[in-house]
Structures are given as C-alpha cells and as structure tokens.
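Below, all heavy atoms of this structure are taken into account, side chains as well, without hydrogens, waters or symmetry copies. Naming: A, B, ... by sequence-line order, numbering from 1 per chain. What you are looking at is a predicted structure, and each value in this text was computed from that prediction instead of being measured.
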Amino acid sequence: MENINKIEKKWQKYWDEKKSFKAINGGDKKPYYILVEFPYPSGAGLHVGHVRSYTAQDAIARMMRMQGYNVLYPMGWDAFGAPAEQYAILNHIHPKEAVKENIKTFKGQMKSLGFSFDWDREFSTTDPDYYKWTQWQFLQFYKHGMAYKDTVPVNWCPHCKSVLSNEDAAGGVCERCGSQVEQKEKSQWMLRMSDYSEDLLKGLEDTNFADRVKLGQINWIGKSQGVEVDIDIVGGGKFSIFTTCPETIYGITFFVIAPDGKLIKELMERVENKDEVNAYIKETSLKSAMDRTELNKGKTGVEVKGVKAINPVNGKEVPIFLGDFVLGDYGTGAVMAVPSHDQRDFEYAKEHGLEIIKVIDCGDISEHAIEKTEYMGHDYKMINSEEFNGMTVDLAREKISDMIEEKGYGRRVNNYKMRDWIFSRQRFWGEPIPMIQCPKCGWVPMNEEDLPLLLPDVAEYEPTEDGESPLANITEWVNCKCPKCGHDAKRETDTMPNWAGSSWYFLRFMDPKNDKEFASMEAMKYWNRVDWYNGGMEHTARHLLYARFWVQFLFNIGLVPNKEMIWTRVSHGMVLGSDNQKMSKSKGNVINPDDIVKEYGADALRTYEMFMGDYQMDAPWSTESLRGCKRFLDKVERLKDKVNDQTGFTQSLEVIQNKTIKKIEYDLTHMGYNTVVSGLMILANAYDDLDSITKDDYRLLLLLLNPIAPHITEELNEMIGCTPLCEAEWPSYDEEKIIENTKEIAVQVNGKLRGTITIHIDDDEQSIKEKALECENVMKHIEGKEIVRIIVIKGKIVNVVVK
RNA sequence: GCGAGUAUGGCGGAAUUGGCAGACGCGCUAGACUUAGGAUCUAGUGUCAUAGACGUGCAGGUUCAACUCCUGUUACUCGCACCA
C-alpha cells in the first residue's frame, strides 16, 4: 500500500469520529469488561511490551464487539510515583506538568497503534476528580477502624535523608548514592490487611484466575496452621511461641527470641549479661540493614543469662537465647527450638553447644536434623515424650495439640505471613492522606465534603532533614484548623503509596464521570465485574492482592456489588531485547514502537507481537520475524487481485474456512494469539493456491484478521466496496462443514510409521484394517510375522502389532 | 533453602484429548523474473546414513502408541527469602 501511515491515520480518525468503541452503560447487549493494566506514563514512552498485551486484549475486544457484546475496554494513567517527582525536582517544575507531557506522548502512541479503547472514560490517578475518591475511600478505612498509626522500622539513607523502599535499598545500599542504609523507626499509617488473610484466601474460589496467579496469591498470604503455646518464665513473666510442629514439643532444649522484639526489652532488668545482650542487639540493628543472605552463614546469638523459661508440657527449665534469625515483627517474636527436628535449630545448637533431644524415632541425627518433611507421613514412633511415647507422629501431633488446649497451655491457631499494609510514603507526588493532627483531639479525619485535599501548586520542594515528606516544608499547606474543635492543627504530610490509586481504578472505569460517588452501584451492577484482566507477572502478587483487599473492604461496607470484582486474571510474558535480555537503555537493545510503526506500520507490529510466541512467556524481539509478518500482510493485500465477480464461497475452501473461523474464536479466547496468526497465514496460503477467489472468500479473511490488523483490513474491505468491518458481524461457522469426507491417516507397524492410507468417513473398522494391510510398505514390514492385533483409532491412526 | 515455571531444528515456536513430532514464520540453499532487491514466484531445508536408523534437557518406567502420563535427575528463569 502506497502510504501505510496515511491509511492508518484515516481509519483511526474514522473510529474516533464515529466513536466506534464507545461503551454505554445499559442496553440490550451483553456487557463484557476487558481490562489491561493502565501504565505508568514514564518519560521513556510506550514500551513494545505494552503493545503486546494491549494488542492481545484489543483483539478480543474487537472480536467480541463484532459478536454483539457491549465491550468495555478502557484506558487510563497510573501517574503518581517517584520518577515523575525526581524529574520534577531536577527541573524545578511541578510533577503534574511532566505527567501531562508523558500522558500526551503515551496517548499519541496508543492511538497510532489503533487500540480500540473507549477514550471517553480516560482518567489519571493524579486527577483531583479521581484522587478525591481515593482519599474518600481512605477515610472509610479509617472510620471502620481499618487504618491506624504504628511505629515501624523503615530503610533510611542518612546521606540522601530519605526513606527508601525495599527495592531502592536492595543489598543494604542506597540505590541513588551508594551509602549504607540504616533502619529507622517511623510512625506510619497502616491498613489492617492481615484481618483479611482468610477472606483473601477463600475469595480465590470465586475467581477464575490462572492457577499460577492463584498460587502467587496463596504464597503471599502464607497461611500456616499450628499451635500457639504460652511459656512461663522462671521468677515471673511469660511469652508465647508459635509452632507448626507441636509433635516435637518435648524436644525443646532452648528458646530463641528476637533481638529487635519487645520481649527482650521487658526482660532487660533481670538480664545478668546486659552488656553482651545490648551489644548483640546493636549488632543486629546494623545487620538488618545489610544484605542478610551474605551474613547468614553462621547462626549467631547470645544467651540471655539470668532468665530461664519453662516448657509447659514437662516443666523443664531451658535457657533463652537471642538470635537474629528470629524476626521481631513476625509471629510472636519468639520460637521454641527443637534441634533434633529442625535444621536451623540444629545448627544453632551445634554452634552454641546445646543439648539435642530426639523425640521421633527416625534415624541418625548426628549430622543434621530430621525435619518435618522427612518424618511426616511415615509410621515413625514417638520417643522421649512421656505418655505420647510409642504413638505414630501423625497421631501424637493431634493428641499433643489436644492436650495443650485442654490443659490451657495454648491453642490451635492459624498464622499468616501477610502483614498489615504500610500505607505512608514520605513523598510529594502521591495522594495526600486526608488526616489532621490536632493538639487537643489527636488524629481527626477531614470532612468528606472538603475533599479533594489538593497537592500544593509549588515548584520547589526539597526533602526535610529528618526524612519527612517534602510537604512538611510547605507551611501554608500544613497549617490548618481542626475540623472538630477549630483549634490550630497540622495536616498529615505523608502521601499514599503508588498501589493506592491502582487498587480501585477498574471500578472507576465503570462510571468515570460520577461526581457524587466513586462509582454508582447501578453502574457497577451493570458491568458486574472485570471479566478479563491482563497484566504483567510482576503485578500478580502484590497489586492484585491490594486490589482484592480494597474491593473486599468496600464490599463489606456495602459499596460494591461483589466481594471479588475481577473474574479472570492472566499475565503475559515480557518482550525481551534481541539479545534475550531485558530491554534497557544501558544495554542498547530497546525497540521503540514509534520507529516500527513508521517503517512497517501499526498492523505489522501488532501482528508480529501476537505471532512472536506463547503469550504467557517471555519472547525475544526479532526484526527479521517482524518483516515476515509484514510480508504476510502484503500477501493479504495482493490477494485482492484474485477476487472474481462471483458471490458466495468457493466450494473447495469450505472446510478450511469453517475450521479457521472456529480456530480463531477458540484461540483468541484461550490466549493462543500466535496460532491465531499462523491459522490466518494458512488460510491466506490456501487462497493463494487458487487462481481466483470470491469477494465473500476475501471478506471472510479480512474479518478474521481484523482484530489483529484492523487498519489494513478496513482499507482493503472498503476497496472491495463493503461496509466497515468495525460495524460488521463476526462470521459463524458450520460444524458440519468442518468434517472432511476423506482423510489421510497414518499406518504404523509396532508404533513406527510405515505408510499412510486415505479413508472415507463412512469406512468401517474392517475395511480400514484391510486398506492398512494392503499398504505396500506395511506389507513389507509384517512379512513373515504374526499379527497380534490391529488397533484402529477412528479418523486418527492404525497400528498393526506384530511378533 | 522454599515455592512456581521452563527445556522441542540454525532461530521464534506448533502439536485443544496419549495417536504421522517440527504446523506457521524467520534464516539458509538452489533456481526464475530483474539494472537492482530488505520485492515477488518455484523447489528444498531435524540429524546420520544406502534401503534404514536416531531424534522433544538427562536416566528409567507405564502403554499397541509418550513432547504429552509416572519416578528420579540436571540446567536456567521468576517470586519469596533465617516465616518458627
């Protein structure tokens, strides 16, 4: 085509002006909501990886519209975040200006690729009309006791005077300046996400997430069932431990408590070796800032002298140790140690010369512990465990748990790895948390009618000396009146994390212009939920979990219609550089979609990205392969010259045409995008083998190809004088016509291919057997041998078994 | 360490249910047309070899038949990482 970009622009304009992809809330059509993760509009522009997933979902959206669905396929911007803030600080502008520019670039790029988004629903998380509702929802969390302040340790760079995320502090070194990261206690807003552990686990049953996505969620929640036991301290006081192995409780020879926990602080008065203990605590606080993996070769720790704990089941007094492998903020901050049946305890005991008592009769423990995974499920018997001696491990586990509960030593509990959500960020470019601290009333929520609480319009904001948000420096913004008593008060200067705005954006798309509510119940009931959500693998754990938590909370307070608002979630693989490495500027392997569109056209890029490989797996870029896809589109164009003046379909193409319709439908809805393209190539090749094809033949190919390559197909379709494809109906196939009357099948002798025969659909088993045995090469291989049996799989294969 | 995933020609990858492994495309080889080719068309292209044998990371197993199911094992990728 003489100017591909001109044609693409023409159809993009057509779709825009006709509002071809506008989704309307209501009507007779069946609603279907397709969602792709909205991007962070970075300065780098659209990545070819974005193109992959947006095209995939676009193809489904386009097909389903033709099939008569009311498809919602929206797009927006997740634009709060550190890069925009950094850029703005450097250039002394407001981040919203940088964001505006980036969105413009992204949107232009998306338009040039012909994605069928309903642009009337576009918004950015940084729009006051949007973040007003993010703030409003935070207030609901607060009002329902789900938001609270707590002191937690944060990564702190003493040089940058800044709080760092775990990613930015990887390796215990500040990513920006390279100085040593420290731990610093800071008061932060928290959301009680751990209250939802069980619900988030159970809710997975009401979703259609891919298995690997579900597993990611399950692992993140990290449920473990066990027993919590109360331990008395000699001379008064007590603490609790949690164990998943109550069967080993008689094997306790010491306890280990966290150096950063509360318990050691309580015990400190009675500690005889205070200096030693304090030194270890200090050592740990430094260590926790470094990359622990490197330091965990040995099991360090010190005994807490002067205090002993009592094992409740046998009254035995055992020592207490400090060990940095016990975490202060996980579980109870203390563990029981059974060196005979836990490798970590074993190593610790060896290191510190502690007693090892075997309680399960299961082999040699002189070299290493025999752990749960090794002893459970066998018939090993208990030893050294008083009345439980001789019982099988499985039985003892239950009986010991029962005894602990009956005697009041403890109780069966579930423990979860998932903790509460730290919701504060010491950043400028985020949603301000709408809380006010009044010297008289304490923390007071803003009045809902005063929302949104806008970010101040300033261009200079340096971080404070003590790591507070840059907002803390803007006194005219910070100072306010208490909404309750009118006294002088100060605003919270922390902002929300990036995850906040993306935790509910899919709800807003259902009703994006609503200024009374974040979305009306009516609109949410109409769309019901997100039918199909696609995003990157890196977001399937946290983002999805946060979004589900957010939705479940809204459901519990009656604001959304379903407890799970996302039905299917799939994740796509990355587009790697041609060197099989992640694309990055420094490696020089980045492909800019604009260049490809300019040279080969949007359709070629779209087709190639669908064709490049299994959608769920990473795939390297290949410009050679892209050219192959361009050639395919050129071939489709050339086929136009073969169109004759006949109507209807060519008889000899009937089987492959019906087969292809079925295949495209199936593959598009099962993420088989690469085989969609290959199926269409096969159809086009079949057309190409003929001297001429009918207009209907040709239009069928264009219809089927349209979801992947929408521009060129529209243009060719117009050239043959048909009404636009985006207004056309999806073709239907006839199952009857897929069945072939005659078919070539394989004949094997002892499982090895020896020939092929052509069978008719009506042939019975006997005649197929006869045909198979008549086959020349088959005869040669069965000559002089005894036929044991002949296996005939109808329409598939014949296998002659000989001896 | 734990959890998950992956492994098929020179390359990307097909094989919906156990049923002709390598579809489709790239690349490559030869030829045609051409001033030219990043255009198009034709033929060929898993490996080794003479009929034939061998081939889906490796070693076993089940089956008439295994890329597909089972057992073990290796390598790589991702996630979590002293989780009690």
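A gap of 9 Å separates the C1' atoms of B:U8 and B:G13, to the nearest Å. Of the C1' atoms belonging to B:C67 and B:G18, the separation is 11 Å, rounded to the nearest Å. Nucleotides B:A65 and B:C20 place their P atoms 15 Å apart, quoted to the nearest Å. Comparing the P positions of B:G55 and B:A21 gives a spacing of 13 Å, expressed to the nearest Å. Look at the C1' atom in both B:U68 and B:G22: the space between them is 15 Å, to the nearest Å. Between B:U56 and B:A15, the distance separating the two C1' atoms is 11 Å to the nearest Å. With C1' as the reference atom, B:U35 and B:U29 are 25 Å apart, rounded to whole Å. B:C58 and B:A66: their P atoms are spaced 16 Å apart (whole Å).
Within 4.0 Å (heavy atoms only), A:R419 reaches at least one base atom of the nucleic acid. Among the atoms of the strands shown, base atoms are found under 4.0 Å from some heavy atom of A:Y666. Among the protein residues, A:V326 comes within range of the nucleic acid bases, having at least one heavy atom under 4.0 Å from a base atom. Base contact: A:E744 has a heavy atom under 4.0 Å from a base atom. Across all strands shown, A:S622 has no heavy atoms under 4.0 Å from either base or sugar-phosphate atoms. Residue-level contact check: A:D618 touches the backbone only, with heavy atoms under 4.0 Å from sugar-phosphate atoms and none from bases. Residue A:G222 is classed as having no contact, given no heavy-atom separation below 4.0 Å to the nucleic acid. Using a 4.0 Å heavy-atom criterion, one finds that A:D342 contacts no nucleic acid atom at all.
Between the CD1 atom of A:I793 and the P atom of B:G19 there is a distance of 10 Å, given to the nearest Å. Atom-to-atom, CZ of A:F611 to P of B:G13 comes out at 11 Å; the value is rounded to the nearest Å. Going from atom CD1 of A:I664 over to atom C1' of B:C24 covers 12 Å, rounded to whole Å. Counting to the nearest Å, the C1' atom of B:C20 and the CG atom of A:N750 are 16 Å from each other. Between A:D689 atom CG and B:A43 atom P the separation is 9 Å, expressed in whole Å. Atom pair A:W220:CH2 and B:C2:C1' shows a separation of 15 Å (rounding to whole Å applied). Summarising the geometry, the separation between CE on A:M610 and P on B:G25 is reported as 18 Å, rounded to the nearest angstrom. Atom CG in A:D634 sits roughly 15 Å away from atom P in B:G38 (whole-Å rounding).
When each of B:C24, B:A14, B:G19 is scored by its nearest atom to the side-chain atoms of A:Q748, the top-ranked nucleotide is B:G19. Between B:C83, B:G25, B:U40, one nucleotide has an atom nearer to the side chain of A:N685 than all others, and that is B:G25. The side chain of A:K663 approaches B:U16 more closely than any other nucleotide in the set B:A84, B:U16, B:G27. Of the candidate nucleotides B:G12, B:C64, B:A84, B:C64 has the atom nearest to the side chain of A:R789. In the set B:G19, B:C54, B:C20, the nucleotide with an atom closest to the side chain of A:L753 is B:C20. The side chain of A:I682 approaches B:A23 more closely than any other nucleotide in the set B:C41, B:A23, B:G25. With B:A15, B:C20, B:C80 as the candidates, the nucleotide lying closest to the side chain of A:T675 is B:A15. Ranking B:A84, B:C24, B:G19 by closeness to the A:M681 side chain, first place goes to B:C24. Nearest nucleotide to the side chain of A:T756, out of B:A53, B:C20, B:G38: B:C20. Distances from the side chain of A:E599 to the nucleotides B:C24, B:G38, B:G19 place B:G38 closest.
Mapping A:E624 and A:V800 onto RNA chain B by nearest heavy atom places A:E624 closer to the 5' end of the strand. Both A:G613 and A:Y600 sit near RNA chain B, but only A:G613 has its closest nucleotide nearer the 5' end.
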side-chain hydrogen bond (donor to acceptor under 3.5 Å, both in side chains) between A:Y687 and A:Q657, worked out: CA-CA 10 Å; A:Y687 282 15; A:Q657 285 174 332; 3.0 Å; yes
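In the interface, the side chain of A:N674 is not paired with the base of B:C24 through any donor and acceptor atom under 3.5 Å apart.
A donor-acceptor pair shorter than 3.5 Å cannot be found between the side chains of A:N219 and A:K417. Side-chain contact check for A:Y733 and A:E665: no donor-acceptor pair (N or O, by modelled atom type) lies under 3.5 Å.
Salt bridge present: A:K771 and A:D763 bring a charged side-chain N and a carboxylate O closer than 4.0 Å.
Residue A:R631 has a polar side-chain atom (N or O) positioned under 4.0 Å from OP1 or OP2 of B:C26. Residue A:R638 places no side-chain N or O under 4.0 Å from the OP1 or OP2 atom of B:A39. Checking the phosphate oxygens (OP1, OP2) of B:C83, a side-chain nitrogen or oxygen of A:R344 falls inside 4.0 Å.
The glycosidic torsion of B:G60 lies more than 90° away from 0, which places this base in the anti conformation.
When each of A:D345, A:T248, A:I231 is paired with A:M336, the side-chain contact (heavy atoms from CB on, under 4.5 Å) condition holds for A:T248 and for no other.
Distance check, rounded to the nearest 0.5 Å: CG of A:D634 to SG of A:C629 gives 11.0 Å.
Nearest approach of A:M583 to A:G577, heavy atoms of both residues: CG-N, 3.7 Å.
For A:W499 and A:F549, the distance between ring centers is not under 6.0 angstrom.
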